Amino acid sequence: MSTLDSAIDPTAPGYAANRAALLERLAELDAALDQARAGGGEKYVSRHHARGKLLPRERIELLVDADSLFLELSPVAAFGTDFPVGASVVTGIGVVEGVECLIVANDPTVRGGAVNPWSLAKTRRAGEIALANRLPMVNLVESAGADLPTQAEIFIPGGRVFRDLTRLSAAGIPTVSVVFGNATAGGAYVPGMSDHVIMIRDRSQVYLAGPPLVKMATGEVTDDESLGGAEMHAGTSGLADYLAEDERDGIRLARQCVRRLNWRKQGPPPRSAVPQPPKYDPEELLGITSADLKVPFDPREVLARILDGSEFDEFKPAYGGALVTGWGELHGYPVGVLANARGVLFSEEAQKAAQFIQLANAADTPLIFLQNTTGYMVGTEYEQRGIIKHGALMINAVSNSTVPHLTVNLGASYGAGNYGMCGRAYEPRFLFTWPNAKSAVMGPAQLAGVLSIVARQAAAARGRDYDEESDAAMRMMVEQQIESQSGALFLSGRLYDDGVIDPRDTRTVLGLCLSALHSGPVKGADGYGIFRM
């Protein structure tokens with residue numbers, strides 16, 4: 001392979017400014033992550049510990065193999081909403097007894113682990129990832145069921161969580177549940193729909209309705225243990241397959257269940273068991289992207305710091321130069337890369353991308369999309385040259401490609417360029433965002449300008465004078481709104497990605513995802529529909 005060279009000068013003033021700007025965004029990310037890790041706050045965390053119970057991340061740490069990495073997903077879900085950051089549930093991918101598993105852990109320090117609209121969306125996304133990548137799912141359950149004030153938003157779509165658990169099982173993907181406390185109402189269906197169920201003596205309580213509701217509904221007077229205790233479910237109802245003595249014993253039994261799955265990956269192993277690290281320091285990724293997203297940067301500088309040995313065989317380097325395409329390896333796995341180089345996508349870039357995606361599918365090679373695009377080029381010349389049909393060509397190829405896609409937004413992701421570069425709507429297996437990145441239908445200034453032009457034309461058509469002062473106020477308001485709503489934390493809070501990541505962790509995060517997705521088959525598309533040539 002060809003080895004990439006780097007032109008980055010860490011001593012240059014521009015580099016220092018870029019780094020400082022990105023560090024500011026990273027500080028904002030760290031603050032949001034601290035909120036998520038704090039759960040329901042010190043009062044409820046202390047109360048939980050005083051009862052001899054572990055926090056969700058403590059349970060996960062005991063569950064996964066020692067010294068292995070845990071890739072937390074959607075950690076700042078619900079950021080910028082009325083709900084706690086993290087959405088009262090922890091999800092992610094961890095290695096259990098050598099098996100990559102999708103782990104879901106309720107956080108009982110936040111309203112008893114009750115499910116709100118954002119925790120529902122986060123849990124459903126975890127189920128999608130487990131199914132798409134053939135990952136066994138382990139649920140660490142302690143949930144009071146639905147957050148009743150928001151039941152109108154969660155009751156009907158919430159049924160999909162239980163449906164998806166049974167579909168995982170039907171697809172041959174095992175599901176394991178460990179019940180650490182209450183699993184009430186909808187929470188009871190998670191163990192009820194799982195293949196393997198572990199309950200904890202004198203701790204687990206699983207029932208559709210607790211004693212007060214049973215009394216109200218039927219007049220029957222009962223107690224927690226008779227109605228839904230662990231010993232009852234282990235010896236009478238048969239819902240519990242294993243009875244643990246305490247939380248640590250329950251986690252031990254969960255690891256035992258995973259060990260006995262006899263799980264095998266279906267994708268090919270890495271080409272190299274000990275891949276070469278990049279030639280260049282990943283620390284330098286902090287100064288590559290410009291503090292001003294209007295200023296382009298060379299994505300090869302990013303590739304030089306994430307690909308094995310900084311080796312990259314570029315495809316069509318002299319054609320469609322605003323899009324870099326080519327082949328490399330990442331943690332030993334072969335990958336194809338599409339990376340925006342100059343923001344705008346022209347017809348040449350769209351055609352180049354479509355051919356490259358076809359080649360990757362023919363070779364059963366996963367694709368990595370590195371976004372930094374303002375969209376497809378507009379204007380009379382470009383419309384006449386066929387930018388719509390060429391953009392459609394690229395989007396058709398992305399839509400119908402069946403090799404796994406991984407997407408990282410490095411800077412800007414605007415307009416239809418977001419679609420062509422495999423944005424969330426095009427279902428990449430995983431999508432991550434750098435903290436400086438933004439995404440919207442268009443940039444704030446452009447969107448405000450369009451609204452201003454439309455308003456001016458409407459005033460002229462009615463023969464009225466245009467209020468310039470009101471126009472300036474409107475433009476400022478719209479720009480501020482779009483600026484805030486296009487930011488990485490805002491979008492991640494609404495689960496439009498799988499997490500905002502430190503740029504220095506990009507290689508590690510992509511490597512974990514590549515390993516996980518190879519749990520399932522990696523197979524290219526057999527057909528694409530009709531290409532408009």
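Just so you know, these numbers come straight off a predicted model, no measurement behind them. In what follows, every heavy atom counts, from backbone to side chain, and hydrogens, waters and symmetry copies are set aside.
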_To the closest 0.5 Å, what do you measure between CD (Glu153) and CD (Gln151)?_
9.5 Å
_Pairwise salt bridge (Lys or Arg N to Asp or Glu O under 4.0 Å) hits with a residue in residues 327-340, at least two apart_ = Arg271-Glu329
*Listed partners of Asp30 passing side chain to side chain contact (heavy atoms under 4.5 Å, CB included), at least two apart*: Leu33
*asked:* Could you work out, with salt bridge (charged side-chain N to carboxylate O under 4.0 Å, His left out) as the rule, every residue matching Arg203, not counting sequence neighbours?
replied: none
*asked:* So, using side chain to side chain contact (heavy atoms under 4.5 Å, CB included) as the criterion, who are the partners of Arg125 when residues are at least two apart?
replied: Glu128, Ile129, Arg424, Leu495, Asp498
*Could you pull out the closest heavy-atom pair between Glu225 and Met232, with the gap in Å?*
OE2-N, 3.2 Å
*Supply the atom-to-atom distance Asp107 CG to Arg37 CZ, rounded to the nearest 0.5 angstrom.*
13.0 Å
*Search all heavy atoms of Gly172 against all heavy atoms of Pro174 and return the closest pair with its distance.*
O-CD, 3.5 Å
*Can you find a side-chain donor-acceptor pair between Asp505 and Thr508 that sits under 3.5 Å?*
no
*Around atom CD of Glu427, are there more than 12 heavy atoms of other residues, nucleotides or ligands at under 6.0 Å?*
no
*Okay, side chain of Ser119, backbone of Asn116: is any donor-acceptor separation there less than 3.5 Å?*
yes
*Which atom names give the shortest non-hydrogen contact between Ile251 and Phe180, and what distance separates them?*
CG1-CZ, 3.9 Å
*Determine yes or no for a side-chain-to-main-chain donor-acceptor pair under 3.5 angstrom, with Ser143 supplying the side chain and Gly113 the backbone.*
yes
Let me check something: any side-chain donor-acceptor pairs from residues 154-171 under 3.5 Å, sequence neighbours excluded? List them with distances.
unit_1, atom_1, unit_2, atom_2, d
Thr166, OG1, Arg163, O, 2.6
Ser169, OG, Asp195, OD1, 2.9

_So, using side chain to side chain contact (heavy atoms under 4.5 Å, CB included) as the criterion, who are the partners of Ser413 when residues are at least two apart?_
Gln371, Asn409, Asn418, Ser439
*For Asp224 and Pro211, indicate whether the former's side chain and the latter's backbone hold a donor-acceptor pair under 3.5 Å.*
no
*Any donor and acceptor pair, going by atom type alone, linking the side chain of Thr365 with main-chain N or O of Ala363 inside 3.5 Å?*
yes
_Under the ring-ring contact (aromatic ring centres under 6.0 Å, His included) definition, can you give me all pairs with a residue in residues 40-67, not counting sequence neighbours?_
none
*asked:* Taking salt bridge (charged side-chain N to carboxylate O under 4.0 Å, His left out) as the definition, give me every residue that meets it alongside Asp526, ordered by chain and number, with sequence neighbours left out.
replied: Lys523
*For the side chain of Ser194 and the backbone of Val190, is there at least one donor-acceptor N/O pair under 3.5 Å apart?*
yes
_Return the NE2 to CE distance between His405 and Met421, rounded to the nearest 0.5 Å._
11.0 Å
_To check you understand the geometry: which heavy-atom pair defines the closest contact between Leu135 and Ser519, and what is its length?_
CD2-CB, 4.0 Å
*Flag, side chain of Asn436 to backbone of Leu410, donor-acceptor distance under 3.5 Å*: yes
*Assess the side chains of Asp497 and Ser492: does a donor N or O sit below 3.5 Å from an acceptor N or O?*
yes
*Under 3.5 Å donor-acceptor, Arg255 side chain and Leu63 backbone*: yes
*asked:* How close do Gly420 and Tyr376 get, counting heavy atoms only, and between which atoms?
replied: CA-OH, 3.5 Å
_Per the salt bridge (Lys or Arg N to Asp or Glu O under 4.0 Å) rule, what does the pair list look like for residues 228-247, sequence neighbours excluded?_
Lys53-Glu247, Arg59-Glu247, Arg201-Glu231, Arg201-Glu245
_Spacing of Arg429 atom CZ and Asn133 atom CG [to the nearest 0.5 Å]_ = 5.0 Å
*Pairwise distance CG(Leu330) to CG(Asp308) - rounded to 0.5 angstrom*: 5.5 Å
*If you round to the nearest 0.5 Å, how far is CZ of Arg57 from CG of Leu140?*
12.5 Å
*Where Val197 and Leu239 come nearest, the two heavy atoms and their spacing*: CB-O, 3.5 Å
*Who pairs with Ser204 by side chain to side chain contact (heavy atoms under 4.5 Å, CB included), at least two apart in sequence or on another chain?*
Val179, Met199, Ile200, Ala230
*Examine distances only and state if a side-chain atom of Asn106 and a backbone atom of Glu142 form a donor-acceptor pair shorter than 3.5 Å.*
yes
*Does Lys122 reach the main-chain N or O of Ala87 with its side chain, forming a donor-acceptor pair under 3.5 Å?*
no
_Counting neighbours of OH on Tyr207 that are heavy atoms of other residues, nucleotides or ligands and sit closer than 6.0 Å, is the number greater than 12?_
yes
Could you go through residues 75-85 and list every donor-acceptor pair under 3.5 Å that involves a side-chain atom there, pairing it with any protein atom two or more places apart or in another chain?
unit_1, atom_1, unit_2, atom_2, d
Thr81, OG1, Ala78, O, 2.6
Thr81, OG1, Phe83, N, 3.1

*Provide the full list of ring-ring contact (aromatic ring centres under 6.0 Å, His included) pairs with a residue in residues 491-522, sequence neighbours left out, each pair given once.*
Tyr333-His518
